Amino acid sequence: TMKAQQKAMGLSYDWDREFATCDPDYYKHEQKMFLDFLKAGLAYRKESWVNWDPVENTVLANEQVVDGRGWRSGVPVEKRLLSQWNLKITEFSDDLLEALKGLDRWPDKVRIMQENWIGKSEGARVKFALAGRDDAVEVFTTRPDTLFGASFIAIAANHPLAHEMAKGDPALAEFVRECNSMGTSEATLEQAEKKGYRTRLEAQHPFDAGWTLPVYVANFVLMEYGTGAIFGCPAHDQRDLDFARKYELPVTAVVRPKDSASIEIAMDAFTDDGIAFHSRFLDGLPTAQAKTAAIDRLEKEGTGTRSITYRLRDWGVSRQRYWGCPIPVVHCLDCGIVPVKDSDLPVTLPDDVTFDKPGNPLDHHPTWKNVFCPSCAKPARRETDTFDTFFESSWYFARFCDAKGETAFSRRSVDYWMAVDQYIGGVEHAVLHLLYSRFFVRALRRCGYIGIDEPFAGMMTQGMVCHQTFRDKDGKWLQPDQVRKEGDGWVKLDDGSTVTAGRSEKMSKSKKNVVDPDRIIDTYGADTARLFMLSDSPPERDLEWTEAGIDGAWRYSQRLHRAIVEPAVALAAKGTRRPNDLGTAATEIERKIHKTIHFVTDDLEKFHFNRAVARIRELSNALEDLEGDGADVSWVRRFGWETLVKLVGPMMPHLGESLWQALGYAEMLVDQSWPAADPRLIVDDTVTIAVQINGKLRGTVELPRDADKAAAEAAALAQVDVAKFIDGRAPKKVIVVPNRIVNVVL
RNA sequence: GCGGGCGUGGUGGAAUUGGUAGACACGCCAGAUUUAGGUUCUGGUGGCGAAAGCCGUGGGGGUUCAAGUCCCUUCGCCCGCACCA
């Protein structure tokens, strides 16, 4: 039915290339890809933390963890380590970052988000030897220049040292457990109150073995980033400062602003660059040089190294769910992990699964997971995890190049068709889907599948369709067609009870603020809906679906029909030649037609559809106002309407064809070439110039285009309103911007 | 908490990218034709003011001859934060 609706809306897809990603004919190819990634070292297994619901005995998505509790069971979730499949996106961190520069048809905001997501940081790894032991704790820092301001070391709750210390310290063990009860999402971790636990460990400062720092386990240090440990410099990092104030740790400023000799730190850390002080051999150095000098010394003394860290983490693709593509490997007690043989692909999902138990149905299935090892033929266990569904969406665009092929796609067709000229999607995909797809293209290229290096050449982020929401007196959501406006409020259609009108939100089934496309098409027709959607708001912004808006579009389509179909006989016959002499009115309209072609073409190329519609309506207003029936007017009227029909064609294709026919053509409008604007006719001979006095508009003057500055100034000063305002005073200065503005400064 | 974005009349939105704020619509007001219309047509419509004029792009400050546009700051809303897909 969605397909039928799309066809009814007049969307021109090539349905021959349709496929479904849940079809084994599709996912068998990604099983092969995965095995190739495995061979190339781009897929590997790693222990990672997941949200575990101890009652349901199942892994929970972050979304399913509400206030630290499982959404069904209501019990606190635990973090648990699970062995999971990962794809090595970090292998391409630098390439993914650098190549963003070449994506010049992507919105800046998406490129910035990806840049920040990859998060390249240059700095140092520094070893702090542990007093009384022969090992060290290694930290990553971007501010080695502030080492002399260090006042503590903080390690993640799941840092090996934390686990080791917890064994002999029940209170620490409890603290670690508490940190692990928080769930895995970064938002939760960062919003939680910053807490620490002081271990018995003392770390020695790398530049002064006699100076020791306390080692804390802290809930805000991420094991996934850097080394899972930091050194705290409260004076120059806000989070460290908050921590230091809470646990009464020393705050020593070691960077001062360029223009002052010292700095007082109260509750705000000084995080800008400046000049190092109280820092022994770094004293007097500007931040950049101090960083270099500190790292040089660390390297010389063997206590640290120059290092680059990325925020980007490898992509965990294992999911413990039934609906997904099975991961094609077998676990054998003797051989370990063994890939399924190519000849045994695809590994398909069993049809006879039950959902009566929580957890992964594949794991509960009595027989599916029992197989023989492809290598030694002994009984073995099939992998029961399936792929993250982002896996499917990371290469589907390549499949479109060759949708029915026996292989995933032919390299030739992908290299020919790709990259996608124009990709469209919501901003919510800015980092995950779009980055995974960029990674996939790189991984496939490395495995010899394709030769291209980016999936999407042009990118546009589109808004969502929104609609007002309604609730009845019991707070239940109501559909827009169940309510009626009454006075200033709303009432329910069937019993007249009061309805609360809520704000406009993204259309969703749960809030019932959806409008059925079939009903729109039945009532107004596809073209009206298309025109409304194009004219209402720019595509990057959310579209507010309103009855009033549809009505406006519907009236315009009626108006166009009336303007062209009925008086068609009155329009000059098609193919009439342009008279050599056009009167004033005809000349002006002819220019307007060419300007409209020019601007509409430009607007469409830039996806400024709402502006294009406004231009078209302006032209049709002008054509309707055109009076007279001389040869020139008749010709320009015909030329105008005919051009307008061509311009409106892509927006309202069905009406367009019917109008085209009414204009006397047997051929299809869709086969006509796009009109071309005559560059000589898109500029006017005269321009209106604004005259300001002290920046305020006081009048306008008409001048020939490109009049010289002196002439513009003279005309401006002579303008009656302006002259009245100046009242004989001598201007201090006159600024003339040709063809734009004259500003008189008194 | 961090990253990104948005904020302009009663409403959706324009504004040549620092140069006449409010194009084009919706709505509203007045009038005309019909008068069964949710039809069509004409005129008006940012606010205050009788007018001259003054004010006006979430709030505050700044740069500039000139700011919706640039800078600083602040408020509100939206998106993302790696297991929602």
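Heavy-atom basis, side chains included; hydrogens, waters and symmetry copies ignored. In what follows, every chain begins at residue 1, and chains take the letters A, B, ... in the order their sequences are listed. Not measured: the values here are computed from a predicted model.
An OP1 or OP2 oxygen of C55(B) is reached within less than 4.0 angstrom by a side-chain nitrogen or oxygen of K696(A). Within the structure, every side-chain polar atom (N or O) of R311(A) is placed at least 4.0 Å from both OP1 and OP2 of A82(B). For G13(B), neither phosphate oxygen OP1 nor OP2 lies less than 4.0 angstrom from any side-chain nitrogen or oxygen of R617(A). For the OP1/OP2 pair of C54(B) and a distance below 4.0 Å, the side-chain nitrogens and oxygens of R698(A) include at least one atom meeting the criterion. Using a 4.0 Å cut-off, some side-chain N or O of N610(A) falls inside it from OP1 or OP2 of A14(B).
A glycosidic torsion no more than 90° from 0 defines the syn conformation, and U17(B) adopts it. In G4(B) the base sits anti relative to the sugar, since the glycosidic angle is further than 90° from 0.
C29(B) and U64(B) have their C1' atoms separated by 42 Å, with the value rounded to a whole Å.
Among the heavy atoms of the strands lying under 4.0 Å from V745(A) are primed sugar atoms or P, OP1, OP2 only; no base atom is included. Looking at heavy-atom distances under 4.0 Å, L312(A) makes contact with a base. Heavy atoms of T688(A) sit under 4.0 angstrom from at least one base atom. Among the atoms of the strands shown, none is found under 4.0 Å from any heavy atom of G119(A). Note on Q320(A): a base of the nucleic acid sits closer than 4.0 angstrom, heavy atoms only. Nucleic acid contact class of Q84(A) (heavy atoms, under 4.0 Å, all strands): base. Looking at heavy-atom distances under 4.0 Å, E428(A) makes contact with sugar-phosphate atoms alone, never a base. Across all strands shown, V431(A) has heavy atoms under 4.0 Å from sugar-phosphate atoms exclusively, and none from any base. Residue-level contact check: T546(A) touches neither bases nor backbone, having no heavy atom under 4.0 Å from any strand. Among the protein residues, I112(A) comes within range of the sugar-phosphate backbone only, with heavy atoms under 4.0 Å from sugar or phosphate atoms but none that close to a base. Contacts of F390(A) with the nucleic acid, taken as non-hydrogen atoms under 4.0 Å apart, include base atoms. Residue A187(A) is classed as a base contact, given a heavy-atom separation below 4.0 Å to a base.
Ring orientation note: the planes of F19(A) and Y26(A) are close to parallel, at an angle under 30° on the 30°/60° scale. Ring geometry for H433(A) versus Y423(A): interplanar angle of 30 to 60°, hence tilted.
Listed here is the closest heavy atom pair of D684(A) and K595(A): OD2-NZ, 2.9 Å. Across every non-hydrogen atom of L703(A) and A715(A), the tightest pair is CD2-CB, 3.7 Å. Residue P326(A) comes nearest to L349(A) through the heavy atom pair CG-CD2, 3.7 Å, listed as atom of the first residue, atom of the second, then distance.
Between the base of C6(B) and the side chain of E540(A) there is no donor-acceptor pair shorter than 3.5 Å. A donor-acceptor contact under 3.5 Å is formed by the side chain of R321(A) with the base of C83(B). Between the side chain of R740(A) and the base of U16(B) there is at least one donor-acceptor pair of N/O atoms closer than 3.5 Å.
In this structure, CD1 of I682(A) is placed 12 Å from C1' of U16(B), rounded to the nearest angstrom. Separating the CG atom of L619(A) from the C1' atom of A25(B) is a distance of 16 Å, rounded to the nearest angstrom. Separating the CD atom of E618(A) from the C1' atom of G13(B) is a distance of 14 Å, rounded to the nearest angstrom. Summarising the geometry, the separation between CG on D602(A) and P on A23(B) is reported as 21 Å, rounded to the nearest angstrom. Note: CD (E624(A)) to C1' (U40(B)) measures 11 Å, nearest angstrom. In this structure, the CH2 atom of W315(A) is 12 Å from the C1' atom of A85(B), given to the nearest Å. Distance, K46(A) NZ to A82(B) P: 14 Å, rounded to whole Å. As rounded to whole Å, 13 Å separates atom C1' of G80(B) from atom CG of L435(A).
Under 3.5 Å, the side chains of S504(A) and E544(A) contain a donor-acceptor pair of N or O atoms. The closest side-chain donor-acceptor pair between Q191(A) and E186(A), if any, does not fall under 3.5 angstrom.
With a cut-off of 3.5 Å on both Watson-Crick or G-U wobble distances, the partner of U17(B) is given as none.
Counted within 6.0 Å of CD on E588(A), heavy atoms from surrounding residues, nucleotides or ligands total 12 or fewer; the atom is thus considered open.
Along RNA chain B, the nucleotide closest to S537(A) and the one closest to I689(A) are compared, and the more 5′ of them pairs with S537(A). The nearest heavy atom of RNA chain B to L697(A) and to R562(A) marks one nucleotide each, and the one closer to the 5' end goes with L697(A).
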